[in-house]
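Because only heavy atoms are used, hydrogens play no part in the values below, and waters and symmetry mates are left out as well, while side chains stay in.
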Amino acid sequence: INNAPAYSPDGKSLAHLRNSGRRLVLRDLISSVEREFPIPTNALARSIEFCPDGRSVVLGGAGLYRVPLDRGGAEPLVTEAIRYAVCVGTDVIYIPTGRVPAPNGLRVVRRSLVSGEETELYHGMASLDACGIDNVMFEVDYPHSDSTWPDSRAVAAETMAGLDRE
């Protein structure tokens, strides 16, 4: 797996995955020196995102982990499977892959890297009234490994169950 390389915020390092997502590799782009960080075998990382300060990365996959680059060690943040994660300031915003039963659908969660507190930012179709029906569309990001394809029609039907066909 090397489908999710990431550049550090200063552009001097490249992080990528090795050994089927079980090792994080940080390559200094100036000296070409590489450092490897083992990842727990149950993590199976699929995505890498640098935190804005460049001192740690978050790994999404079979869970959500933070790896401090000064000392290594994958710190588990979330145990459920993660579709996507991004660091914003001192928070990580993530999308779990497990779908909440209809009519809620997809969830988006913000987790503080300082306090560990979580806030659900979006909870699928339960947010429809706040968004307005004319401001919503269903999108499929084919054929990425973190998309709902080939089950996109079933996911759409499940997510929108109970809504008026219009």
Side chain to side chain, Arg111 and Asp91, heavy atoms closer than 4.5 Å = no

CD (Glu120) and CZ (Arg110) are apart, to the nearest 0.5 Å, by 12.0 Å

Please check if atom CZ in Arg55 has more than 12 non-hydrogen atoms from other residues, nucleotides or ligands closer than 6.0 Å.
-> no

Side chains of Leu69 and Leu26 in contact at under 4.5 Å (non-hydrogen atoms) = yes

Quick one: does Ile93's side chain get under 4.5 Å of Val109's, heavy atoms only?
-> no

So do the side chains of Leu113 and Leu77 get within less than 4.5 Å of each other, counting heavy atoms only?
-> yes

Any side-chain heavy-atom pair from Val78 and Glu118 closer than 4.5 angstrom?
-> yes

When hydrophobic residues are tied together by side-chain contacts of less than 4.5 Å, even through go-betweens, does Ile39 share a cluster with Val25?
-> no

In short, side-chain hydrogen bond (donor to acceptor under 3.5 Å, both in side chains) pairs touching residues 66-79 with sequence neighbours left out are Arg66-Glu75, Arg71-Glu75

Mind checking who shares a hydrophobic cluster with Tyr7, ILVMFWY linked at side-chain heavy-atom distances under 4.5 Å?
-> Leu14, Leu29

Where Val92 and Ala85 come nearest, the two heavy atoms and their spacing | CG2-CB, 4.1 Å

Distance-minimising heavy-atom pair for Ala15 and Phe50 | CB-CE1, 3.7 Å

Minimal non-hydrogen separation, Cys51 against Pro9, with atom names = O-CG, 3.5 Å

Just by modelled atom types, is the Val114 backbone N or O under 3.5 Å from a matching donor or acceptor in the Ser112 side chain?
-> yes

Taking all non-hydrogen atoms of both residues, which atom of Pro38 and which atom of Arg23 are closest, and how far apart?
-> CB-NH1, 3.6 Å

Flag side-chain contact, heavy atom, 4.5 Å: Arg27 against Ser13 = no

Looking at Cys87 and Glu49, what are the two nearest heavy atoms and their distance?
-> N-CG, 3.6 Å

Please test Ile48 against Leu17 for side chain to side chain contact (heavy atoms under 4.5 Å, CB included), starting from the C-alpha separation and ending with a verdict.
-> CA-CA 8 Å; Ile48 305 168; Leu17 300 169; 3.7 Å; yes

